[in-house]
Amino acid sequence: MVWRLLDAGETVIVIDRLSTGFDWAVPPEANLVIGDIGDQDLVAKVLREHAVEAVFHFAGSIVVPESVNDPLGYYLNNTVKSRALIEACVTAGVPHFIFSSTAAVYGTPVDNDPVAEDAALRPESPYGTSKLMTEMMLHDAAAAHPLNYACLRYFNVAGADPAGRTGQSTRDATHLIKVATQTALSKRPFMQVFGTDYPTPDGTCIRDYIHVTDLVEAHYLALQHLRSTGRNLVANCGYGHGHSVLEVVDVVRRMSGEDFEVRLTERRAGDAVTIVANSDRIKQELDWQPRYDDLEKIVTHALNWEAALTRRNTGPDSAK
Ligand code: UFG
């Protein structure tokens with residue numbers, strides 16, 4: 001997102017406490033302020049000094065099983081700190097707020113059809129609830145104050161910048177495509193497929209994998225939408241069709257040329273069978289036209305980034 005905004009000639013300030021991220025991931029042209037979004041004095045200072053016009057709120061904890069074990073930690077990091085950030089924006093008079101929400105707000109859809117934004121909101125984890133509560137706060141705050149917002153409900157984000165500038169770098173990642181590409185590059189001895197007895201054609205779960213660059217573009221269009229119309233927006237970010245776990249594994253094997261070991265194991269707790277976005281709204285409201293709706297491209301870009309990370313971590317600067 002930072003690269004996209006800089007490419008468009010915008011001025012960008014990043015606030016990050018670097019609990020899971022890395023300072024090297026922030027482009028040198030952006031200002032990095034190391035700190036916590038829950039620190040209202042810090043946030044107020046940054047908003048004032050840079051006359052900030054829009055906030056993209058990406059900060060948050062994202063591992064569903066972790067949220068089940070540490071719900072209060074998730075409500076603190078995702079909900080309480082979001083409240084602080086929204087309040088700081090209201091106080092500073094920031095007009096636009098774009099929030100990273102999640103498909104987890106829906107829980108398990110009642111049927112396996114693509115889920116639309118007006119479906120029932122029934123999160124099944126503290127993670128999903130913590131994000132939904134932030135959506136609710138934004139709704140109410142925008143009704144009371146001169147603030148407008150976009151909540152973008154992400155489905156399964158994957159891939160990496162096609163130009164190779166950035167990609168998912170989190171340590172101990174649990175996401176399927178990250179795990180599979182790491183296994184293909186021998187960073188893990190094997191990977192597991194969690195459950196092969198689901199009611200799907202090949203017995204494994206189905207997800208709507210969205211390329212990060214298309215997701216970023218949705219944010220950029222949402223910003224333009226808020227600037228030009230001032231209308232709030234809640235929209236799914238997905239392609240509207242899914243792939244099974246075994247399909248993903250097959251594509252990673254083909255694209256990498258590595259026949260890595262895959263162990264078929266028990267179901268993982270809390271996995272929904274199928275979650276696919278109905279993406280009509282974002283296409284209509286933002287004229288969003290995905291460019292990377294292609295699992296082979298998603299996997300290729302993820303593999304390229306994983307290889308770049310290997311070079312970074314073993315290169316001359318790796319000790320820094
Ligand atoms: N999976 C495996 N092996 C792995 C990792 C994952 O088989 O090593 C399977 C999972 O069981 C699941 C599928 O791959 O069936 C996708 O799992 P991910 O962990 O990649 O992603 P999730 O669908 O569990 O979660 C993602 C986001 C969440 C978000 C959720 C909403 O990471 O933040 O989608 O659907 F809440």
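Excluded from the calculations below are hydrogen atoms, water molecules and symmetry mates; all remaining heavy atoms, backbone and side chain alike, are included. Whatever order the structure lists ligands and atoms in, that order sets their numbers, starting from 1.
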Quiz item: Considering only protein heavy atoms, which is closest to atom 19 (O) of ligand 1, and at what distance to one decimal place?
Solution: Arg268 NH2, 3.1 Å
Quiz prompt | Shortest protein heavy-atom distance from atom 12 (C) of ligand 1, along with the residue and atom involved | solution = Asp271 OD2, 3.8 Å
Quiz item: To which protein heavy atom is atom 32 (O) of ligand 1 closest, and what is the distance rounded to 0.1 Å?
Solution: His175 NE2, 2.6 Å
Exercise. Looking only at non-hydrogen atoms, find the nearest pair between Pro189 and Thr183 and report the distance.
Key: C-CG2, 4.4 Å
Quiz item: Is any side-chain N of the basic residue among Arg227 and Glu10 closer than 4.0 Å to the acidic one's carboxylate O?
Solution: yes
Quiz item: Is Arg267 paired with Asp197 through a side-chain N to carboxylate O contact shorter than 4.0 Å?
Solution: yes
Practice problem: Evaluate the side-chain hydrogen bond (donor to acceptor under 3.5 Å, both in side chains) criterion for residues Tyr154 and Asn236: first the C-alpha distance (whole Å), next the side-chain angles of each, then the deciding distance (0.1 Å), finally the verdict. | Solution: CA-CA 6 Å; Tyr154 303 1; Asn236 287 339; over 6 Å; no
Quiz item: Which residue and non-hydrogen atom of the protein lie closest to atom 25 (O) of ligand 1, and at what distance in Å?
Solution: Asn156 ND2, 4.0 Å
Self-check item: Heavy atom of the protein closest to atom 35 (O) of ligand 1 (residue, atom name, distance)
Solution: Ile275 CD1, 3.4 Å
Self-check item: Tyr127 heavy atom under 4.0 Å from ligand 1
Solution: yes
Quiz prompt | Salt-bridge criterion met for Arg153 and Glu117 (N-O under 4.0 Å) | solution = no
Quiz prompt | Sidechain N-carboxylate O distance under 4.0 Å for Arg122, Glu124 | solution = no
Quiz item: Who's the nearest protein heavy-atom neighbour of atom 3 (N) of ligand 1, and how far?
Solution: Gln192 O, 2.7 Å
Practice problem: With atom 2 (C) of ligand 1 as the reference point, say which of Tyr154, Phe190, Phe194 has the nearest heavy atom. | Solution: Phe194
Practice problem: Could you list which atoms of ligand 1 come closer than 4.0 Å to a heavy atom of Ile62? | Solution: 33 (O)
Self-check item: Salt bridge Glu49-Lys45, side-chain N to carboxylate O under 4.0 Å
Solution: yes
Self-check item: Tyr209 to ligand 1, any heavy atom closer than 4.0 Å
Solution: yes
Quiz prompt | Contact list for residues 171-180, test side-chain hydrogen bond (donor to acceptor under 3.5 Å, both in side chains), sequence neighbours left out | solution = Lys178-Glu306
Quiz prompt | atom 5 (C) of ligand 1: nearest protein contact (heavy atom, Å) | solution = Thr174 O, 3.4 Å
Quiz item: To the nearest 0.1 Å, how far is atom 30 (C) of ligand 1 from its closest protein heavy atom, and which atom is that?
Solution: Thr102 OG1, 4.4 Å
Quiz item: For Val245 and ligand 1, does the shortest N/O to N/O distance drop below 3.5 Å?
Solution: no
Quiz item: Just which atoms of ligand 1 are under 4.0 Å from any heavy atom in Cys205?
Solution: 15 (O)
Practice problem: Below 4.0 angstrom from a heavy atom of Ala104, which ligand 1 atoms are there? Numbered from 1 as shown, please. | Solution: 31 (C), 36 (F)
Quiz item: Is the gap between the ring centers of Tyr149 and His139 under 6.0 Å?
Solution: no
Quiz item: Out of Leu176, Val193, Val63, whose heavy atom sits nearest atom 20 (O) of ligand 1?
Solution: Leu176
Quiz item: Asp161 and Thr166: side-chain donor and acceptor closer than 3.5 Å?
Solution: no
